[in-house]
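Quantities reported herein were computed from a predicted structural model and do not represent experimental measurements. As the structure lists them, so they are numbered: ligands from 1, and atoms in each ligand from 1.
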Amino acid sequence: MCGIFAVSLPGNEAGNLVLEGLKKLEYRGYDSWGVAIRQDSGEIILRKDVGKIKDVQIQFEMSGEAIGHTRWATHGGVTMANAHPHQVGKVTLVHNGIFENYLDVKSKYQDEGMGFRSDTDTEVIACMVNDFLEKGMSVAGAIRHSAEVIQGRFSLLVIAEGFPGIYAARRGSPLIIGRGETGTFIASDIPALLEHTNVVNYLDDDEMVHIEGNKAEFSSLISGDVIEKREVAVSWKAEQASKGDYQHFMIKEIFDQKKTLRDAIDHDDEKLHEAVELLQKSNGAYFVACGTAHKAAMCAEYYFAEISGRKINVVPASEMPSFERFINDKTAIIAVSQSGETADVLEILERGKKAGAKILALTNVESSSMARLADVHIPINAGPEKAVASTKATTAQMAILFLLAYADAGKLNLGREILSGTASAINDLINPRYENYVKDVAGKILNQKSLFIIGRGSLFPMALESAIKIQEVSYIHAQGFPAGELKHGPIALIEEGVPCLVLGDDQDTLSNAMEIKSRGAHIIGIAPKRAEVFDDWLKVPDCGQAQSIATIVPVQLLAYYLATFKGLDPDMPRNLAKSVTVK
Ligand code: G6P
C-alpha cells in the first residue's frame, strides 16, 4: 500500500534509479506517482503525475539524491495535488500510512494562516517538519518531534533543502535499507532493492535512519540515541522478482506453483513441531488473516478439524476486535499473511502479544513485521509475489497449514507424502494443453455479468477464494457458497445460462449442482471425475485430503484468462493494492 523508494549515491543517476525502483513497487499502489530530486544547485525539484508509473519514460535531471512514491489513495482523491512528494518550505516528504489525527493539526496551522495545496494527511506532516525546522531544530529533531504528534502507522522519507542526505522514519509501515558498495537505497519492499544489493537493514518501529552515499546512521525515533543495526543477507534473487518471458506476473506466479509447493513443505521437522507445540500448549487458538490469506486459513480450519481433531477459530482480522476478550496468555494466534505487513492483522498481533498470547506467523516476506513479532515464524518460501491477486503464496500457505495439521496429529510423514503427491500432480497439470481447456471455458463465460461457485468441506473456502480471484481481476460479479446453502436464498438468482462453478464431484455437491442446472444454470465442474451434470469440465487430479490445493489452480487460470480476454491488466486490478498497510 503505497510504494516508497530513495537513493543516495555518488554520480547523477538517483532520479532515474528512483523511477525504476518505483516501477518495481507499483503493485503496492498505482493511482499516482512522484519523484523529488536534489539538484547540484541544492534546489529540490518535483515531478509527479496521476496514473500508473510503469509507462513513464523520462530522463531525470542529474542528481545524487532522490526520493519517490507510488500512491494508493487514502486521504484525498486521485489528483496531481494529492500525489506525493509534498513540499512545504524547505521540506519535501513522501509517506506511507495514515496520520489519524491530521485534521486537528491541520486546523491549528490553518488558524495560523497556513494554506494547504492538497487534501492529504501527508502535507500536514511536511508542514509540521518544516515548522519545527524553522524553529531551529535539526531535520532529525523535527522528524522526531513530528512523530510525537502523529497517531497512526507511518513510514516517511524526508529530504530537506540545505541539509544533505535523506532521512527515513518508521512506525508500523515497512522500510528496508539496502546497503550498496557506494550508495544506499531505501524501499518499502525487498523486490525493489534486489537489483542493487541483497544486503539490508530492517528498520524497526520507532527507528529512523539518515543515509548519505554508502553511510547509514540509525537512531531511535523516540530518544534520538544512535542504534547499531544488523546487516541481513536476503535470499531472494532479482530474477525471481521479474516477469521473465511471461506477459504478466499473475500467469508467471501461477506457473511458479510447479515448484513453490515443494519449497513450501521443505521445512525441517523441528520447525514444524515447534509451531505445533505452540498450538498444543494453548487453550484456544485463532487464525487471523485478511483477504485470500483468510480463505487459506478457513481451509486450514477444515484440515485441523479433519486431520488432528483440533478446533481453531478463524476470524478476519478486521472483525477480531469483537473477540479479543477471549485472548489471554493461554491463547495461540496464528497469523497467515503473504506480506506480513497487513495492518489489520498486525494490530491484532500487537494487542494479542500484550495480552500474553503466543504468536505463530506464516508469511512469505521473511523479515516482515509479523515474522519479527512472532514467537514462531514459518516462512512459506513462495518467492516474491508481485501480482495483486495472490496465487502461489495461497497454495504455499495451504500446504504448510495442511502439514501442520498432520504434525499435530503426529503423522507428519504421511502429510508430507500426500503433499508431495499433490505437488507432482500440480506440476503435471499446468501445461499449455490444459491452459487451452481453461481458455475455452473462459471464452464461454466471458460476457456473463454474474457467476456462482459452490463447494463443500474444505472446498467451500475455495469457493470463496475462487470468487475473490474472479472478481478482482475480471470484474465479473462472482460469489461463493457452501454447496448446500445455495438453495436457501441465492438460488433465486439462477436464470437461464448463469454460469456456476462446481468444485468437487461428491454425491451431495452433484445433487446441489443438479438443483441449479434444472433451473437453467450452466454447470462448469472442477473435479477429478466428469459427472453427467457438468456442461463443461476442468479435470483436476485427485489429491485426497489436499484436494482444495489442487482445485484452486484451474480457477486461478480461469480468472487470469477472463481478465486478459477482456483486455484488463490482471497484475494491477482497479482500486486494489497488494499490501494493505492501512486499516
Ligand atoms: C490485499 C491483497 C490480497 C491479500 C490481502 C491480505 O487485499 O490484494 O491478495 O490476500 O491483502 O494480504 P496479506 O499480505 O496479509 O496476505
Side-chain angles (χ1 to χ4, degrees), residues 1-3 25-31 72 74 96 153 172-174 188-191 249-250 253-254 260 264 287-300 314-320 333-350 359-371 373-374 377-398 400-401 461-462 464-475 552 555-556 559-560 563 569-583:
M1 176 137 302
C2 297
L25 290 170
E26 196 176 20
Y27 57 91
R28 295 179 65 88
Y30 30 86
D31 290 332
W72 188 84
T74 54
N96 172 25
R153 293 173 182 277
S173 297
S188 39
D189 210 348
I190 291 169
F249 278 106
M250 184 175 175
E253 289 160 8
I254 292 173
T260 48
F287 280 119
V288 176
C290 295
T292 286
H294 170 248
K295 307 306 169 289
M298 280 181 76
C299 241
V314 192
V315 186
S318 55
E319 289 301 316
M320 195 60 197
I333 304 182
I334 311 159
V336 185
S337 172
Q338 189 285 128
S339 63
E341 302 292 347
T342 304
D344 283 323
V345 182
L346 258 181
E347 222 180 84
I348 298 302
L349 298 190
E350 284 162 359
I359 314 283
L360 165 62
L362 268 70
T363 73
N364 192 31
V365 179
E366 284 197 28
S367 287
S368 57
S369 303
M370 287 182 212
L373 199 131
H377 172 240
I378 303 195
I380 64 165
N381 295 344
E385 187 182 70
K386 295 186 78 177
V388 166
S390 179
T391 53
K392 62 176 178 172
T394 316
T395 46
Q397 285 160 350
M398 289 163 66
I400 292 178
L401 290 164
M462 287 304 95
L464 300 182
E465 168 55 13
S466 301
I468 294 188
K469 252 351 37 106
I470 292 168
Q471 290 157 7
E472 66 184 340
V473 299
S474 76
Y475 311 152
I552 198 61
V555 184
Q556 295 168 345
Y560 174 77
D569 177 354
D571 286 347
M572 282 184 249
R574 71 182 172 213
N575 304 336
L576 292 169
K578 177 101 188 129
S579 178
V580 182
T581 54
V582 295
K583 274 176 71 183

Could you check whether R153 pairs with E350 (Lys NZ or Arg NE/NH1/NH2 to Asp/Glu carboxylate O, under 4.0 Å)? yes
For ligand 1, note which part of A393 has a heavy atom under 4.0 Å away: side chain, backbone, both or neither. neither
What are the atoms of ligand 1, with element, lying closer than 4.0 Å to any heavy atom of A293? 10 (O), 16 (O)
Can [X] and [Y] be counted as having a side-chain donor-acceptor contact under 3.5 angstrom?
{"X": "S369", "Y": "E341", "answer": "yes"}
{"X": "T363", "Y": "Q338", "answer": "no"}
{"X": "K469", "Y": "T292", "answer": "yes"}

Can you pull out the closest protein heavy atom to [atom]? Residue, atom name and distance to 0.1 Å, please.
{"atom": "atom 4 (C) of ligand 1", "result": "T292 N, 4.2 Å"}
{"atom": "atom 7 (O) of ligand 1", "result": "V580 CG2, 3.9 Å"}
{"atom": "atom 5 (C) of ligand 1", "result": "C290 O, 3.9 Å"}
{"atom": "atom 3 (C) of ligand 1", "result": "V388 O, 4.3 Å"}
{"atom": "atom 12 (O) of ligand 1", "result": "T342 OG1, 3.4 Å"}
{"atom": "atom 8 (O) of ligand 1", "result": "A577 O, 3.1 Å"}
{"atom": "atom 14 (O) of ligand 1", "result": "S339 OG, 2.6 Å"}
{"atom": "atom 11 (O) of ligand 1", "result": "K578 O, 3.8 Å"}

N364 side, atom CG; I380 side, atom CD1 - distance, nearest 0.5 Å: 4.0 Å
Would you say the side chain of P316 lies within less than 4.5 Å of the side chain of F287, judging by non-hydrogen atoms? no
Apply salt bridge (Lys or Arg N to Asp or Glu O under 4.0 Å) to the pair R28 and D189, showing each step before the final yes or no. CA-CA 9 Å; R28 295 179 65 88; D189 210 348; 3.7 Å; yes
Show, in sequence, the C-alpha distance, side-chain angles and deciding distance for K578 and E385, and conclude whether the salt bridge (Lys or Arg N to Asp or Glu O under 4.0 Å) test is met. CA-CA 9 Å; K578 177 101 188 129; E385 187 182 70; 2.6 Å; yes
Min heavy-atom dist A289 to ligand 1 below 4.0 Å: no
